[in-house]
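Report on the following structure.
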Amino acid sequence: MQECGRINALVHERVRQNLMIGISTRELDDIAHRAIREFGAQSSIRHPLSFPGDISISVNEEIGHGVPGPYELRAGDLVKVDISIEFRGVHTDSAVTHVMGSADPSSIRLVQTTRDALFSGISRAVPGGRCSDISAAIDDAVRQGGVRIVRHASGHGIGAELHEEPTIVNFGPPNLGPRLREGMVLAIEPVTSAGSRFAKQRPNGWTDVTVDGSASAHFEHTVAVTKDGPQVLTTLPGVSNQGMTEEATFVEGPQRDDGLSFRGMRPEEEGQLLRMAAREMDPILMEAWGRRVNPAEIFHDDGWTLVAEGENGEILGFVVVMEQNNALHVNTLVVDQKSQGRGIGSAAMLRCEAIARSRRLGSITLCVQTNNERAIRFYHRLGYQDSRPVHPNSILMRKNLAQDE
Ligand code: MG
């Protein structure tokens, strides 16, 4: 279940990397679908439950079981990504609420309260306690935050099945229900509303919404009860701030512009992108790293590649980034010749900035060859400053993000 939980967190991470204003929830589901397959897992809801998606994505007043579709994310949206996967016969379940761009203060309070309530509940998942200790801790935290629990939604045991006993409601007094024992694994999941605590189902037969249309938030982790205390399984060990699933993310996506969108690279596209790089990257530019670069090196093992896609699915360019020293480092930015002058480079850099901010990184960095004045001017315009020479013929440029926090 640890391994299943780690994969669950990796899929969340992949979805988060692709969150942007203008992306459709169906595209996000496609991205999750590929990631789940890539990690050797499968969706716990698509086949067994016939849910029309690999993951559920619920926006604003949607409480849960949001069906991926054509809806394109907008600034201010609360986006609840709920991922249930099976890996080698066991399941994990985890959800996070992302805030797209600048949400109003009441939405932000709703999201932060719900996240705090989850951790308050998790802290009571200890041997010897009772199930409703978790319920009461969540209830208290939600009341203190001045929002409401949606009573319709509950946590649950999890393991060989996605939903097992016991049910863990998110309200009520402590010291009731089954005893918690070492080895139990629970999906703990407060679901809240800024208005009514009552829900109704959409005609699609899946999606639950608040009856009064008020915003809803949802956070969930799969947690093991151990003698050393609660162990959160759906997280990434070693990642700063304990992995994305514990943080509400505030995504500032660039607006999608005339059909331009960004998504993760598909493995089968590597050859095509390499050919584009070899064509577009001036051999001189390819020395920007201080030596002539073998194009195959641009797909760094520790990095990830975002592909800029046009309206008809054609690839317009790509950017390869990696995280290092509390910065997002842009290894390579390539725009196809036919698409230059359309602002794709700027859009890609803004997208990188959004990723860096959502990962709470202090800056974004890149290397440019000192005699590439055009590129240096371009990055200056975007707010980058010369930082330090890294090689005899190239400099590191940096844009600090911390001062905007
Ligand atoms: Mg669940």
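Computed from a prediction, not measured in an experiment: that's the story for all the values here. Ligands are counted one by one from 1 in listed order, and the atoms in each one are counted from 1 as well. What's counted below: heavy atoms across the whole structure, side chains too, no hydrogens, waters or symmetry copies.
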Ion pair present between [X] and [Y], side-chain N to carboxylate O less than 4.0 angstrom?
| X | Y | result |
| --- | --- | --- |
| D140 | R124 | no |
| R88 | E3 | no |
| R143 | D139 | yes |

Closest approach to the Mg ion (ligand 1) by E220, given as the N, O or S atom name: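 For E220, the N/O/S atom sitting closest to the Mg ion (ligand 1) is OE2.
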
OE2 (E189) to the Mg ion (ligand 1) to OD2 (D93) angle, given to the nearest 10 degrees: 170°

Short N/O/S contact of H156 with the Mg ion (ligand 1) (below 2.8 Å):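 Yes, within the cut-off.
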
Polar side-chain atom of T97 near backbone of K80 as donor-acceptor pair, under 3.5 Å: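 Side chain of T97 to backbone of K80: no pair is present.
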
